[in-house]
Amino acid sequence: MKKVFALVDCNNFYASCERLFRPELRDQPIVVLSNNDGCVIARSNEAKALGISMGAPYFKTKDLLARHNVHVFSSNYALYGDLSQRVMTILQQMEPEVQIYSIDEAFVSLPYTPGNSQTGYASYLQEKIWQCVGIPVSIGIGPTKTLAKLAAKIAKRDPLCGGAFDLTDNPWLDQLLAAFGVQDVWGIGRQAARKLRGRGIMTAWDLRDADDAWLRKRLTVTGLRTALELRGISCQPLDNAPPARKSIISSKSFGRPISTLSDMKEAVVTYLSTAAEKLRKQGSAAEAIQVFISTNTFNPRQAQHVQGMTASLPGPSAYTPHLLKAALHCLDSIFRPGYQYKKAGVMLAGIVPAHQQQMNMFAPLDTERHDLMRAVDRTNQKWGRQTLQVATAGFAKPWQMAQSRKSPAYTTNWSELPVVNTCP
DNA sequence: TCTGGGGTCCTAGGACCC
DNA sequence: TCTGGGGTCCTAGGACCC
């Protein structure tokens, strides 16, 4: 049976999450900040209307926000992650083929019925998610993922659509494509858009009909695929069982600069523990680990040091102390006293399934260690992050990121549940 | 004073082999 | 003096995404 793609996209997701437990903020402008309250990463429609731009540094836009009484939140990933999971669960209960694409988007495969728009069914999905989770979504439908993404933009932009739009068999397709600039097409970033415009390819409509050989040569196969998808030829199938991650990164800026090796060790060990937990969660082991540290590269008056180092493990491992040893070895080699470091990170690479590990005669068997790690992960899942941790991760962690305006973890922490006052 | 974090895919070019 | 051709594998870096 022929299928079409539906893209389900949560509207202003982080802002909608914050609003969910603060109904008095409905119709109020809201922004959500990145880690360390660095810059604006989500805006409610009201905040967008005020001209607050995406990615704007907080310190530069603070006055504007205050002037318009914008409600400002630090990012609360425990909340967003949990609500995202609830939305995805609804979709998976209703449809057999769902690809979770990001924290706030999913592709769903729907059966195609000629001459019949799918928007009615889309509205039903929307209603269901609103009713069960309380998050508003827009839905775009098309014969390819790229067209579904464009349809979702139309659904969001035009209030007359009621939040759902179908580009399949749409008689106005050419006109609609001509109304989008190439940079609005999924997969066309700044560089590609520049090249395209240089050749006079200005709109999605131009891109669809561009020369294949030229696209292949200048924008590689990915650019060619995008054009084919605009023609309705699907090049990106729905993937409802995404493979395990090939690399896992944990990195963060610090709340205040770090200048001593002992503080830096705490940070690296903390980040490594997070990455290792993710590694075990997907049932994998890593063969290599990379550690990188960096001063504040935005500050031109400061002495800069940016360096990374990769170490191979004797065999693939998911055992935190083994990974730790390699990570600290890297850190000892790259750390230089006398710099004000602002950021560090850990990347696990060479990821293989834990049960297919190549045996290594010099590496010990991991059964007991596996049990130990499982106990640690379960404890932390039940009682909260860092309930059990390696002592070198530190306790006070004065370098930890600043989040001065974080809302409670309403749905994932017993002590932060919302309180309902039943009598005055 | 203050500028996020975590991924994927693709290509070019070097190392190495026969 | 002259100095092949073809293949694989790996890595770094660019571009893009949310």
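Chain letters run A, B, ... following the sequence lines, proteins first and then strands; every chain starts at 1.
Among dG7(B), dT11(B), dC18(C), the nucleotide with an atom closest to any side-chain atom of Arg245(A) is dG7(B). Distance from the side chain of Asn36(A) is smallest to dG5(B) among dC16(C), dG5(B), dC18(C). The side chain of Ile248(A) lies closest to dG7(B), out of dG6(B), dC10(B), dG7(B). Closest contact between the side chain of Lys278(A) and the listed nucleotides dG5(B), dA15(C), dG7(B) involves dG7(B). For Phe298(A), whose side chain is taken as the heavy atoms from C-beta onward, the closest listed nucleotide among dC10(B), dT3(B), dG7(B) is dT3(B). Comparing dC16(C), dC18(C), dT3(B) by their closest approach to the side chain of Cys39(A) singles out dT3(B). Of the candidate nucleotides dC18(C), dG4(B), dC10(B), dC10(B) has the atom nearest to the side chain of Thr222(A). The side chain of Lys246(A) lies closest to dC9(B) when the candidates are dC2(B), dT11(B), dC9(B). Which of dC10(B), dA15(C), dT3(B) sits closest to the side chain of Phe59(A) comes down to dT3(B). Considering only side-chain atoms of Asn296(A), the nucleotide from dC18(C), dG7(B), dC2(B) that sits closest is dC2(B).
Rounded to whole Å, the separation between the C1' atoms of dC16(B) and dG4(C) comes to 16 Å.
Distance Tyr14(A) OH to dG5(B) P: 12 Å, rounded to the nearest Å. In this structure, the CD1 atom of Ile249(A) is 14 Å from the C1' atom of dC18(C), given to the nearest Å.
Note on Ser102(A): every side-chain N or O is 4.0 Å or more away from OP1 and OP2 of dG7(B). When the side-chain nitrogen and oxygen atoms of Ser247(A) are compared with OP1 and OP2 of dG6(B), none of them lie within a distance under 4.0 Å. For dC10(B), one of the phosphate oxygens OP1 or OP2 lies less than 4.0 angstrom from a side-chain nitrogen or oxygen of Arg225(A). A close approach under 4.0 Å does not occur between any side-chain nitrogen or oxygen of Lys342(A) and OP1 or OP2 of dG4(B).
Looking only at distances, a side-chain donor or acceptor of Arg19(A) sits under 3.5 Å from a matching main-chain atom of Gln28(A). A donor-acceptor pair under 3.5 Å is absent between the side-chain atoms of Arg208(A) and the main chain of Arg231(A), judged by distance alone.
The nearest heavy atom of DNA chain B to Asn35(A) and to Thr220(A) marks one nucleotide each, and the one closer to the 5' end goes with Asn35(A).
Using N1 to N3 plus N6-O4 or O6-N4 for Watson-Crick, or N1-O2 and O6-N3 for G-U wobble, each under 3.5 Å, dC10(B) pairs with dG13(C).
The existence of a salt bridge linking Arg67(A) and Asp63(A) is excluded, since no basic side-chain nitrogen approaches an acidic carboxylate oxygen closer than 4.0 Å.
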